[in-house]
Amino acid sequence: MSTYRSDFLREIADRGFLHQCTDAEGLDARLAEGRTVAYIGYDCTAGSLHVGNLVSVMMLRWFQRLGHKPIVLMGGGTTRVGDPSGKDESRKLQSDEQIAANMAGIKRVFAQFLGFGEGPTDAIMVNNADWLNALSYIDFLRDFGRHFSVNRMLTFDSVKLRLEREQPLSFLEFNYMVLQAYDFLQLARSHDCVLQMGGSDQWGNLVNGVELGRRVDGRQLYGLTTPLVTTASGAKMGKSAEGAVWLNADARSPYDYWQFWRNTDDADVGRFLRLFTELPLDEIARLEALEGAELNEAKKALADEATALCHGRAAAESAAETARATFEQGALGADLPTLEVPRAELAAGIPAFELFRRAGLTSSNGEARRLIKGGGARLNDVAIKDESRNVDAADSSDEGVIKLSAGKKRHALVKVG
């Protein structure tokens, strides 16, 4: 167990969140004194955050839960530039309209994890477009650009990686770390924010912000990063065979989200319980000590708690019941992904591979064909042997339902309309 004085650093260290800190001793003392303000920034590159962002979201949740005030910074301005961190090539520039739409989707995620309001520990959400879009370029360069050494900027991983691989780094992207540092200074001035948190790939950007605050205003600021989370197989967190594991229910259903956690590798269960649930550490120790078939209890607890945080307890219980009915009783759970097909269309017959794609079990017809060839596709629990097989009304139950399965754990329903 860690020996930090502050509840926040002690909790996140014991749970595996803490990677680097610019001044851990100083930050620990500041947090132990009382309420502190911290922020994490999120660029609006998609309409939802995904599981790869969940470590930082949970950090903000713990920060608030343990008596501090979190700020969620929406990158309405910085998204127009694009963060080069961890990227081999430039991000595709998005229109202001697309950025606004993405921001609206991302905001819905935080309503589940944080409490917003006007109280001393209530979270607030700000948009850096409010100050970045109004900057005068020459004035900004004179006032803040002079505090950044290009020689030093070239040593940060976000830049160095791109140069070592001989991938182009645009001047636009090169400015990103300056803008992020200015965000920190702006929040320090307007909200007395003293801590910026982020993933390990943000270390250089955080250090720049800490140093800019010291040089310009003589402020004592802090930066803290979380480790890059990968699965036991080495895969980057947030990805699955079907693509990104989105946090918004309209991008990935609560049932599919529950299944993602239920299918966690045995070697990851304890670590993920510490990072992605709020279960007490002694209960997590009990769960991760389970062996063999009993470890499924821990996986179900992980799925229940992670889904409850993201989608609410009722959605988690419904997903768990659907899974139980589907896998333990062989029934058709109500929460399974459902595709409605007009009766007239089904009467003419639809290729099985096309139905698998339309139901979201594969990303393309080609992937569906390969699934069938490999013996992994089932229709009403019977393996499909012919990739050109047509599915028609005769395959539906009396209730007008057809069950599709990709492997043993992924299912969808086709309902005749």
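Below, all heavy atoms of this structure are taken into account, side chains as well, without hydrogens, waters or symmetry copies. Residue numbers start at 1 and run along the sequence shown.
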Hey, is the main chain of [Y] close enough, under 3.5 Å, to the side chain of [X] for a donor-acceptor pair?
| X | Y | value |
| --- | --- | --- |
| N127 | L73 | no |
| R358 | L339 | no |
| R10 | R5 | yes |
| R215 | H147 | yes |
| H19 | T225 | no |
| T79 | T45 | no |
| K403 | L413 | no |
| N208 | N205 | no |
| E345 | I350 | no |
| R410 | L361 | yes |

Charged N-O contact under 4.0 Å between [X] and [Y]:
| X | Y | value |
| --- | --- | --- |
| E305 | K300 | no |
| E278 | R61 | yes |
| R274 | D14 | no |
| R370 | E367 | no |

Between [Y] and [X], is there a side-chain donor-acceptor contact under 3.5 Å, judged purely by atom types and distance?
| X | Y | value |
| --- | --- | --- |
| T231 | D268 | no |
| Q180 | Q202 | yes |
| S405 | H411 | yes |

Is any side-chain heavy atom of [X] less than 4.5 Å from a side-chain heavy atom of [Y]?
| X | Y | answer |
| --- | --- | --- |
| V341 | L355 | yes |
| Y4 | L31 | no |
| V109 | N248 | yes |
| S253 | W258 | no |
| L346 | I402 | yes |
| R15 | I284 | yes |
| L195 | R30 | no |
| L60 | F113 | no |

Please report the shortest heavy-atom distance between [X] and [Y], naming the atom on each side.
| X | Y | result |
| --- | --- | --- |
| Q94 | N102 | OE1-ND2, 2.9 Å |
| L247 | C310 | O-SG, 3.3 Å |
| G223 | W203 | O-CZ3, 4.2 Å |
| G77 | N133 | CA-OD1, 4.2 Å |
| P227 | S200 | C-OG, 4.2 Å |
| A352 | I372 | CB-CD1, 4.3 Å |

[atom1] of [X] to [atom2] of [Y]: how many Å apart, nearest 0.5 Å?
| X | Y | atom1 | atom2 | result |
| --- | --- | --- | --- | --- |
| F184 | R219 | CZ | CZ | 10.0 Å |
| L371 | N365 | CG | CG | 12.0 Å |
| H191 | I124 | NE2 | CD1 | 4.0 Å |
| T322 | Y255 | OG1 | OH | 7.0 Å |
| R80 | I99 | CZ | CD1 | 6.5 Å |
| Q259 | T307 | CD | OG1 | 9.5 Å |

Salt bridge (charged side-chain N to carboxylate O under 4.0 Å, His left out) assessment of R313 paired with E317
CA-CA 6 Å; R313 182 64 62 182; E317 291 175 353; 5.1 Å; no
[X]: which residues meet the side-chain hydrogen bond (donor to acceptor under 3.5 Å, both in side chains) condition with it, sequence neighbours left out?
| X | value |
| --- | --- |
| K299 | D266 |
| T277 | none |
| R214 | none |

Exactly one of L224, L9, I12, V229 clears side chain to side chain contact (heavy atoms under 4.5 Å, CB included) with F17, and that residue is I12
Test side chain to side chain contact (heavy atoms under 4.5 Å, CB included) on V57 and Y42 and set out the steps.
CA-CA 10 Å; V57 176; Y42 298 87; 3.8 Å; yes
Classify the ring geometry of W261 against F276: parallel below 30°, tilted from 30° to 60°, perpendicular beyond 60°.
tilted
Can you check side chain to side chain contact (heavy atoms under 4.5 Å, CB included) on Q196 and D183, steps first, answer last?
CA-CA 10 Å; Q196 180 184 177; D183 283 345; over 6 Å; no
What do the steps show when you test K107 against F116 for side chain to side chain contact (heavy atoms under 4.5 Å, CB included), and what is the final call?
CA-CA 11 Å; K107 285 180 177 179; F116 289 85; over 6 Å; no
Check step by step if side chain to side chain contact (heavy atoms under 4.5 Å, CB included) holds for F356 and V391.
CA-CA 11 Å; F356 273 79; V391 179; over 6 Å; no
